[in-house]
Number of protein chains: 2
Amino acid sequence: MSLPCICTTLRSASRRMIAFYDEAIAPVGVNIAQFSLMRSIARVEPVTLTALGRRVELDRSTIGRNVRVLEKMGLVALGRGEDQREATVTLTDAGRKVLDDGAPLWDGAQKALDDRLGVEFMRRLHAALDAL
Amino acid sequence: MSLPCICTTLRSASRRMIAFYDEAIAPVGVNIAQFSLMRSIARVEPVTLTALGRRVELDRSTIGRNVRVLEKMGLVALGRGEDQREATVTLTDAGRKVLDDGAPLWDGAQKALDDRLGVEFMRRLHAALDAL
DNA sequence: CCACGTCGCGGGCATATACCCGCAACCCAT
DNA sequence: ATGGGTTGCGGGTATATGCCCGCGACGTGG
């Protein structure tokens, strides 16, 4: 008989982890998707929406919308590149503060999992997921 | 330095698998979330929205909306239980046909992954994800 | 038998995500 | 320089998902 496909298992696990990390990071006022995106921005800012999208493997329009939410929250700033078509994103001071304040919360969540499941297990899981 | 958290890796892998399975199952006109939900319904129909939600670990309101989409597509039918509060879901003939027709497509996607990564790898990955 | 607490739902609100269309900016070949 | 192809975005449309609120149905203690 057909067992749950890896996709279903993966989606389910993903939802659980999102909830877990969302709760951990909540005190700084963002969710894990936003925090993760801001970390990506921090590594390459200033960056255009399309370049950022390619980097994090998300649709450009998704990036655009998500960034706009962060902009409304005052965590990132949007500007224009030399190429007038390009919209560039940079973190604001408030955004950097969220990253700084959130880092230990993120580490805590990470550590809780490592403690519960073992670092080696987590390493193998990372590798397995990347292989997909 | 901080490596990507398991949550980010998981979300990314989840998106990739969703895209992969969505494409595989697309010929029958539903996405993998809908197909998966219909399979769950098939196993326990008739079932109330709340019971179904508990079973698949999704918020009741999410179930309600997703089921309504399937209803509009003519794949499930909504009814009332003895308890007049309850909304019960059952598959329609068209819904059962989608499940039947989709099964081999789903199997194909599953098999493609097994072939590429190995059954044992997939088994371990399943187990690891469930452990989260 | 009625008031109050509980349960099941629908709907509002917000985010994440993808795909498609159309516009404006850019670039290149003629 | 001009026309046509390419590129970057915004906005529309649709699904998935969670939380919260309010309503109506149930059920039980007085």
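Chain A is the first sequence line, chain B the second, and so forth, proteins listed ahead of strands; every chain is numbered from 1.
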Next item on the list: Verify the distance criterion only: is there a donor paired with an acceptor across the side chains of Arg16(A) and Ser12(A) at less than 3.5 Å?
Entry: yes
Checklist line | Spacing between Phe20(B) atom CZ and dA18(C) atom P, to the nearest angstrom | finding: 17 Å
Note to self: Reading DNA chain D from 5' onward, which residue's closest nucleotide shows up sooner: Arg85(A) or Leu78(A)?
What the structure shows: Arg85(A)
Notebook entry, point to check: Expressed in angstrom and rounded to an integer, what is the separation of Glu23(B) atom CD from dA18(C) atom P?
Noted result: 14 Å
Next item on the list: Check Asp115(A), Asp114(A), Asp107(A) against Lys111(A) for a salt bridge (Lys or Arg N to Asp or Glu O under 4.0 Å) and give me the one that passes.
Entry: Asp115(A)
Note to self: Can you measure Leu37(A) atom CG to dT15(C) atom P for me and round it to whole angstrom units?
What the structure shows: 14 Å
Margin query: If the cut-off is 4.0 Å, is Gln84(B) near the phosphate of dC9(C), judged by side-chain N/O to OP1 or OP2?
Written below: no
Next item on the list: With DNA chain D as reference, determine whether Val69(B) or Ala51(A) sits nearer its 5' end, using the nearest nucleotide of each.
Entry: Ala51(A)
Notebook entry, point to check: Which atom pair, heavy atoms only, marks the closest approach of Asp22(A) to Ile32(A)?
Noted result: OD1-N, 2.7 Å
Checklist line | Separation of atom CE in Met73(A) from atom P in dT15(C), rounded to whole Å | finding: 8 Å
Check: With a 4.5 Å heavy-atom cut-off, do Arg11(B) and Ser36(A) have their side chains touching?
Finding: yes
Item checked: From dA18(C), dC9(C), dT15(C), nucleotide with atom closest to Asp59(A) side chain -> dA18(C)
Item checked: Closest heavy-atom pair and its distance - Leu117(B), Ala131(A) -> CD2-O, 4.1 Å
Next item on the list: Among the candidates dT17(D), dG8(D), dG11(C), find the nucleotide nearest to the side-chain atoms of Arg15(A).
Entry: dT17(D)
Check: At under 4.0 Å between heavy atoms, what does Arg11(A) touch on the DNA or RNA strands: base, sugar-phosphate, or nothing?
Finding: sugar-phosphate
Notebook entry, point to check: Counting side-chain heavy atoms from CB outward, which of dG11(D), dT17(D), dC19(D) is closest to Arg68(A)?
Noted result: dG11(D)
Notebook entry, point to check: dC9(D) P sits how many Å from Arg54(A) CZ, rounded?
Noted result: 9 Å
Item checked: Thr48(A) side chain near dG8(D) phosphate (N/O to OP1/OP2, under 4.0 Å) -> no
Note to self: It should be established whether Asn31(B) places a side-chain nitrogen or oxygen under 4.0 Å from OP1 or OP2 of nucleotide dT15(D).
What the structure shows: no
Margin query: Is there a side-chain contact between Thr62(A) and the phosphate of dA16(C), meaning an N or O under 4.0 Å from OP1 or OP2?
Written below: no
Next item on the list: Using a cut-off of strictly less than 4.0 Å between a heavy atom of the residue and any atom of DNA chain C, enumerate the qualifying residues of residues 89-102 of chain B by number.
Entry: none
Note to self: Can you identify which nucleotide, out of dG8(C), dA16(D), dG11(D), has its nearest atom closest to the Arg60(B) side chain?
What the structure shows: dG8(C)
Next item on the list: Please tell me which of the listed nucleotides, dC9(D), dC20(C), dA25(C), lies nearest to the side chain of Ser61(A)?
Entry: dC20(C)
Item checked: Touch class at under 4.0 angstrom, heavy-atom based, for Leu58(A) against every strand present -> sugar-phosphate
Check: Of the nucleotides dC9(D), dG10(C), dC19(C), which has the atom closest to the Leu49(B) side chain?
Finding: dG10(C)
Note to self: Could you check whether Glu45(B) pairs with Arg96(B) (Lys NZ or Arg NE/NH1/NH2 to Asp/Glu carboxylate O, under 4.0 Å)?
What the structure shows: yes
Margin query: Just the rounded figure in Å: distance from C1' of dC9(C) to CG of Asp83(B).
Written below: 11 Å
Check: In terms of side-chain heavy atoms of Ala87(B), which of dC19(D), dT6(D), dG10(C) is nearest?
Finding: dG10(C)
Notebook entry, point to check: Taking only N and O in the side chain of Asn66(A), is any of them less than 4.0 Å away from OP1 or OP2 of dT17(C)?
Noted result: yes
